[in-house]
Structure formats: C-alpha cells, structure tokens
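Note sheet for the following structure.
Below, each value reflects all heavy atoms present in this structure, side chains not excepted, and no hydrogens, waters or symmetry copies. Every chain is numbered from 1 and lettered A, B, ... according to where its sequence line falls, protein lines coming before strand lines.
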Amino acid sequence: MATNITPRAENYSQWYLDVIAAGQLADHAPVKGCMVIRPTGYALWEEIQAVLDRRFKETGHVNAYFPLLIPQSFITKEAEHVEGFAPELAVVTRAGGKELEEPLVIRPTSETVIGHMYSQWISSWRDLPLLINQWANVMRWEMRTRMFLRTSEFLWQEGHTAHETPQEAEEETLKMLDVYREFLEGHLAMPVLAGRKTEREKFPGADRTYCVEALMQDKKALQAGTSHNLGQNFSKAFDITFLDRANERLHAHTTSWGVSTRLIGGLLMTHSDDDGLVLPPRIAPVKAVIIPLFKNDEEKALVLPFAEQVKTALGGCLDPLKVRMDTRYDQRPAERYFHWIQQGVPLRLEVGPRDVAGGQVCAVRRDTRAKAMIGLDDLGREIPALLEQMQADLYAKALAFRQANTHLVDTYEEFKQVLTEKGGYILAHWNGSEEVEARIKEETKATIRLVPLENTPLPQAAGPGRCMVTGEPSPGRVVFALAY
RNA sequence: CGGGGUGUAGCGCAGUCUGGCUAGCGCACCUGCUUUGGGAGCAGGGGGUCGGAGGUUCGAAUCCUCUCACCCCGACCA
C-alpha cells in the first residue's frame, strides 16, 4: 500500500495530484496555472504524438508550424470566436521596451492565423483539399486549473483543413473524430462515446462540433478530443476563396480538430489505482523493467549476467529503448519495486538467484499484481502476449466500468436522483432547446456531453421518446453527465 | 470577481491566542555500519531569520498597519 498517495475513496482530487507527484509526471511551475512536464510525463506525450502523428500522415495530412503570436484584430474577425475566447486570452502589449501598436494575442488556438495564411495559399479548386496539422502549445487563461486537465498553457495538436464542398468537410470532420476514437480505444485503452455537441457546448465559430468523451473513475466525464466542422465561418472571416471548375469564386469549407496533453490526465484517471500510475502497455514509454536481486557479490556475479541475457531476449521482441534495467543496487527491493509501480510500468521482471537457478524470470503485472514464471527461452513469445493481454484487460475493465455506470432515466426527478446517488452517464430524452439544457445545468451542474452518433454503441439510447423536463417529443436520448 | 483559508527548511507541519534561552518535528537529502524477493534499522550530519515592508517594544515568527502570493468553493473551460 502506497503511503504517499491518498486513496481514491478518501479524496479523488488529491489522489489524482498524488499519482502525478509519485509518478514524477509533472510539477507546478512558478507561474500560476502552468506546469512543468517532467521526463516521465513527457515520454508519455511523445508516445501519444508518435502514434497520432503517423495516423495523421496516413490519412493524408502534413505538419507545419504557425506562430505563437496572433494580431489581436484577427481574433475579432469571427463573431462567435471572439466572444468565446476573449475572456481567456493572454495578450502581449509591450515588446522591445515600448508599447506595441497592435496588441498580440498568445494563441488560444490557431484558426485565425491559419485562416489568414490559407487565404493566401488557396486560389484554385486544385489547391484543395489543404490538410495541415501542427503540434504546438497554446494558452488559455482559465480561472481554475488542474494539472494536465486544464492548465494555462498546454500542448496539443491542431489539424486545420480546407475543402471544396460541405460534404467533404463533414467527411473530414468525422474521419478525424474516428481517428481519435480508434487511438483512445486501441492505444490508451479508454472506451469513448462519440457524438455531437449541442449548440451551447460547441466550439466558438464552428457549425458543428463532434467529440469523444471518456468516463473517469469518479464517474465524471472528460472531453478527450474534438473535431469541428467550421463550415464557411472562418473562410468568410478570412476570405479563404477559390475558383471552382466552373470559374466561380467560392468560400472554402474548413475543419479543425485537436487533442491535448489532457489525454494524459484522462489516461491516469481511467486506469490508475491507489498505488499510483497504471499505463496500458501500448502507450507505456517503458514496457518492462528488469530488477536484478542479490544479497552479496557471489549472487551478484550470478544474477547480473543472467539479467543481461533477459534484457537481450526482451530487446528481440520489444523496442530495446522501452526495456529498462534497474541498477539501483544500493536500494532495497521493495523500494525499487515501488518506484516502478508508481511510474506505471506494465511489467516488472524480477531476476534473483532462485530465478537464475530455474532459468526463468518472475514477471509481475502492474494492474493485477499477478505473477508468472517465464523461462528465458519463452520470453520472446510470452512477454508480448502478456503485454497484449494486459492491454485487453485494461480496456475490458474500463468498458465494464462505463457500462455499469450508464443509466437510463425518463423523468427529471429520477434524473436528479441518479445524478447525485450514482453519477456516470445518464441517457435521457431532451426537447432540443437551449433553455432546457441551460436549466438542467443550472439546477444540477450536469451538461449534455453529446448527442450520440448513429454508429455510437448505445443501442439503448436509440428510439424516440419525450423530453424528461417538458414532455415534448425527442428523437432519441442524449448523454448527460457531470464533467471536468 | 464573490465566499472561505494559508504563508515558518525541498515537501508536510508545530510554535502565534498568552512576545523572552541558540526557532522545533516528520519526510526527503548527505556519511558510515548492518540489512535486502513488497516502501529497512541504528548512529552521525547539512539546510530555514519565520511571504514582503513599516510600526510598537529592552526584546517580535508571535502584537498593530499596509502589501504580495498561493490554495479551496462558485462563474469560465481542450
């Protein structure tokens, strides 16, 4: 039992912060709301980047980089956009020792600068589609911050595309949403619901916002990724036009989509336990750690060469950079175990005199603590299998949790009761009005996380009914939850 | 911005009400010895001028005034 981590049941928020500290993922920065992402945390981000970057490229996108500073006037060009972001902008007004003629906004997102550039780059239908992604930092001056989940500065990727037709833009928007879904489920072992945001919850300046939502262990929802169909809002504001095949001048249809370092917070809150971080093998920067154990020089002379053999064997079936050897021989075994447990390393391979004698290692899973003795010759086959099993088990566990915490309600009374007594996702009918949505949020703090897409695996939500508040007709249930 | 709270060693705290020896304790850190298959024990050691400024006093971490910062709850949000 970890003594440096507050149990989830006692104080979930403190648990979250404790796991970050114990796993050395991040630290508070001197500036309020900012954080330092430490090597262990950054390695996770690099893993996320590597997988997603490849998927973006496979789907036809290329990377570029746009500047951090944006002329303030750009932000004001799109009406909803300025209204949505104005309160949280950080603005540079002085530079080079004097007041700037025009203040420069530190980007909260890059639709505006990129729109400005796209207007210069696009002139013909032959220039479309334009499919660019950038990995960058952005800044949003939030009132309340939480490590990884909401920091003043955060890292993300933002894809920005321009298309000829509304159909193509919509197709792109949904395609990238699906890339996120696949990534979250396949690599982070986080089951998600995909859906559309309501008018009230959508991105400022978008026609439609789609999202993937994940359920955390405290039964609150977390928006894990968003994909926006911006329609012609930004192309009109920034004059992104092209001549089509009939020599007609048209505004392009644009999209944008992003995921951020928030994913790390979501990953943590999905799988970790009271002993600290638990990482799904596919995303773990270190997949296995070898821990040589010995009491004296004779044992050391026996154990170390064997441990090297184990490392070589693992290097044959895993990325050698993702296998660690724990050489802190001056520390006690328990202490060394705990270090790697709290770093979330999926497999711990103990190699002591007993194992050398048996020609085997003792493999211990981080999630279940299950031990398995594996012969040296079997490592190449068994270790990858064990890691894949753990990956599948983590996903299955998270999925079972979500299913156990998804509730169907038909009346507003029942809704309030389930929300306070059980939490989780609540599927209910809603008349589609912003007023009712606002009232529910006002009275219960719950928001509509999404309106399920047709292919969302929520069969129980399908079918018409009557709004739980007004009794008016509703085409299908929407997903409510308390959210981060 | 509204409500509540806290600033004393890297971290967590005691001491403040009722001014008074050289400002303590736990963890972490350093050295040595003994230990070592789920967070070791003993011994020794380094580190703070008490958020900042001003005032009262023979004497201030402690009392007074001003000020700064941070945390929690709410509104806002990837």
Side-chain angles (χ1 to χ4, degrees), chain A residues 1-6 11 13-14 17-18 21-22 27-34 83-89 107-110 136-146 148-158 180 197 200-204 206 209-214 221-228 256-266 275-276 291-296 299-300 303 326 328-342 348-358 361-364 366 369 371 373 438 441-442 445 447 483-484:
Chain A
M1 198 56 171
T3 55
N4 58 345
I5 294 178
T6 307
N11 183 341
S13 306
Q14 192 57 50
L17 293 172
D18 289 347
D27 212 344
H28 289 288
V31 175
K32 173 181 157 61
C34 294
E83 195 188 329
F85 281 107
E88 53 190 66
L89 296 179
R107 64 180 162 217
T109 177
S110 305
N137 57 341
V138 289
M139 181 160 272
R140 300 182 186 177
W141 214 259
E142 307 286 358
M143 304 310 301
R144 285 191 64 198
T145 56
R146 301 194 66 187
F148 288 111
L149 299 177
R150 190 174 304 108
T151 45
S152 299
E153 179 189 4
F154 57 93
L155 304 183
W156 76 347
Q157 64 59 221
E158 45 180 329
Y180 291 153
K197 285 292 187 194
R200 189 188 157 84
E201 300 282 333
K202 77 175 170 57
F203 176 78
T209 288
Y210 297 96
C211 65
V212 283
E213 294 277 328
L222 181 76
Q223 180 171 310
T226 49
S227 186
H228 316 292
S256 67
W257 28 272
V259 295
S260 71
T261 35
R262 165 180 272 197
L263 286 179
I264 295 172
D275 277 340
I291 306 190
L293 300 163
F294 48 81
K295 294 191 183 77
N296 50 47
E299 288 187 356
K300 181 177 181 180
V303 166
D326 182 341
R328 299 168 307 151
Y329 305 133
D330 56 336
Q331 294 189 27
R332 311 181 83 243
E335 216 165 332
R336 297 161 74 193
Y337 296 168
F338 249 79
H339 174 78
W340 298 107
I341 284 172
Q342 300 205 312
R348 176 174 87 232
L349 304 177
E350 301 174 15
V351 178
R354 297 204 294 265
D355 306 302
V356 177
V361 304
C362 178
V364 186
R366 171 62 183 87
R369 317 300 162 89
K371 295 188 176 187
M373 306 307 292
K441 185 179 182 185
E442 174 85 12
K445 293 194 171 75
T447 49
Y484 275 97

Are any of the side-chain heavy atoms of [X] and [Y] separated by less than 4.5 Å?
{"X": "A:Leu293", "Y": "A:Glu350", "result": "yes"}
{"X": "A:Glu142", "Y": "A:Thr151", "result": "no"}
{"X": "A:Arg348", "Y": "A:Trp340", "result": "no"}
{"X": "A:Asp275", "Y": "A:Gln342", "result": "no"}
{"X": "A:Arg328", "Y": "A:Glu335", "result": "no"}

query: Rounded to the nearest 0.5 Å, what separation is found between the OH atom of A:Tyr337 and the CZ atom of A:Arg332?
result: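 Separation between the atoms: 11.0 Å.
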Does [N] have a Watson-Crick or wobble partner in any strand here, with both distances under 3.5 angstrom, and which is it?
{"N": "B:A69", "value": "B:U6"}
{"N": "B:G26", "value": "B:C11"}
{"N": "B:G74", "value": "B:C1"}
{"N": "B:C33", "value": "B:G41"}
{"N": "B:C50", "value": "none"}
{"N": "B:U16", "value": "none"}

From [atom1] of [X] over to [atom2] of [N], roughly how many Å is that when rounded to an integer?
{"X": "A:Asp355", "N": "B:U36", "atom1": "CG", "atom2": "C1'", "answer": "15 Å"}
{"X": "A:His28", "N": "B:C11", "atom1": "NE2", "atom2": "P", "answer": "11 Å"}
{"X": "A:Glu335", "N": "B:A40", "atom1": "CD", "atom2": "P", "answer": "5 Å"}
{"X": "A:Asn137", "N": "B:A78", "atom1": "CG", "atom2": "C1'", "answer": "14 Å"}
{"X": "A:Leu89", "N": "B:C76", "atom1": "CG", "atom2": "C1'", "answer": "13 Å"}
{"X": "A:Leu17", "N": "B:G12", "atom1": "CG", "atom2": "P", "answer": "12 Å"}
{"X": "A:Tyr210", "N": "B:A78", "atom1": "OH", "atom2": "P", "answer": "17 Å"}
{"X": "A:Glu142", "N": "B:C72", "atom1": "CD", "atom2": "P", "answer": "15 Å"}

Under 4.0 angstrom, heavy atoms only, what part of the nucleic acid is [X] near: base, sugar-phosphate, or nothing?
{"X": "A:Glu350", "value": "base"}
{"X": "A:Arg336", "value": "nothing"}
{"X": "A:Lys371", "value": "nothing"}
{"X": "A:Gly352", "value": "base"}
{"X": "A:Ser256", "value": "nothing"}
{"X": "A:Cys211", "value": "nothing"}
{"X": "A:Gln223", "value": "sugar-phosphate"}
{"X": "A:Thr226", "value": "nothing"}
{"X": "A:Arg328", "value": "nothing"}
{"X": "A:Gln342", "value": "base"}
{"X": "A:Ala224", "value": "nothing"}
{"X": "A:Pro87", "value": "nothing"}
{"X": "A:Leu222", "value": "nothing"}
{"X": "A:Ile291", "value": "nothing"}

Verify stack between A:Phe338 ring and B:G39 base, 5.5 Å, 30 degrees: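 Whether judged by distance or by angle, A:Phe338 passes, so it stacks on the base of B:G39.
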message: I'd like to check, for A:Phe154, whether its ring lies over the base of B:A78 with centroids under 5.5 Å apart and a plane angle smaller than 30°.
response: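 Stacking between A:Phe154 and B:A78: present.
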Rounding to an integer number of angstrom, what distance separates [N] and [M] when you compare their [atom1] atoms?
{"N": "B:G37", "M": "B:A28", "atom1": "C1'", "result": "26 Å"}
{"N": "B:C30", "M": "B:A9", "atom1": "C1'", "result": "15 Å"}
{"N": "B:C76", "M": "B:C68", "atom1": "C1'", "result": "26 Å"}
{"N": "B:G46", "M": "B:G2", "atom1": "C1'", "result": "46 Å"}
{"N": "B:G48", "M": "B:G24", "atom1": "P", "result": "13 Å"}
{"N": "B:C13", "M": "B:U56", "atom1": "C1'", "result": "30 Å"}
{"N": "B:G7", "M": "B:G52", "atom1": "P", "result": "13 Å"}
{"N": "B:C21", "M": "B:G26", "atom1": "C1'", "result": "24 Å"}

- prompt: Any donor and acceptor pair, going by atom type alone, linking the side chain of A:Glu201 with main-chain N or O of A:Lys197 inside 3.5 Å?
  reply: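 Not a single qualifying donor-acceptor pair exists.
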A:Trp257 and A:Tyr180 aromatic ring geometry - parallel, tilted or perpendicular at 30°/60° bounds: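 Aromatic pair A:Tyr180/A:Trp257 classed perpendicular.
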Shortest side-chain distance from [X], nucleotide among [options]:
{"X": "A:Ile341", "options": "B:U36, B:A78, B:G38", "value": "B:G38"}
{"X": "A:Ala2", "options": "B:G38, B:G39, B:A78", "value": "B:G39"}
{"X": "A:Arg369", "options": "B:C76, B:G38, B:A78", "value": "B:G38"}
{"X": "A:Thr3", "options": "B:C76, B:G39, B:U36", "value": "B:G39"}
{"X": "A:Glu88", "options": "B:G38, B:A78, B:C76", "value": "B:C76"}
{"X": "A:Cys362", "options": "B:G37, B:G74, B:G38", "value": "B:G37"}

Closest-nucleotide 5' rank along RNA chain B - winner of A:His339 and A:Thr261: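 So the residue in question is A:His339.
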message: Using heavy-atom distances to pick each residue's nearest nucleotide on RNA chain B, tell me which of A:Asn4 and A:Ala483 is more 5'.
response: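 Its nearest nucleotide being more 5', the pick is A:Asn4.
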message: Strictly below 4.0 Å: does A:Lys441 bring a side-chain N or O up to OP1 or OP2 of B:C76?
response: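 It does, given that an N or O in the side chain of A:Lys441 lies less than 4.0 Å from OP1 or OP2 of B:C76.
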task: For B:A40, take OP1 and OP2 only and decide whether either is under 4.0 Å from a side-chain N or O of A:Arg332.
output: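 Answer yes for this pair, as a side-chain N or O of A:Arg332 is under 4.0 Å from OP1 or OP2.
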message: Could you check whether A:Arg262 makes a cation-pi contact with A:Phe154, meaning its NZ or CZ is under 6.0 Å from the centre of the six-membered ring and within 45° of the ring axis?
response: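 Geometry flag: not set, cation outside 6.0 Å or 45°.
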message: So for atom CD, which belongs to A:Gln331, do other residues, nucleotides or ligands contribute more than 12 heavy atoms lying within a distance under 6.0 Å?
response: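 Yes, CD of A:Gln331 has more than 12 neighbouring heavy atoms, counting only those of other groups under 6.0 Å.
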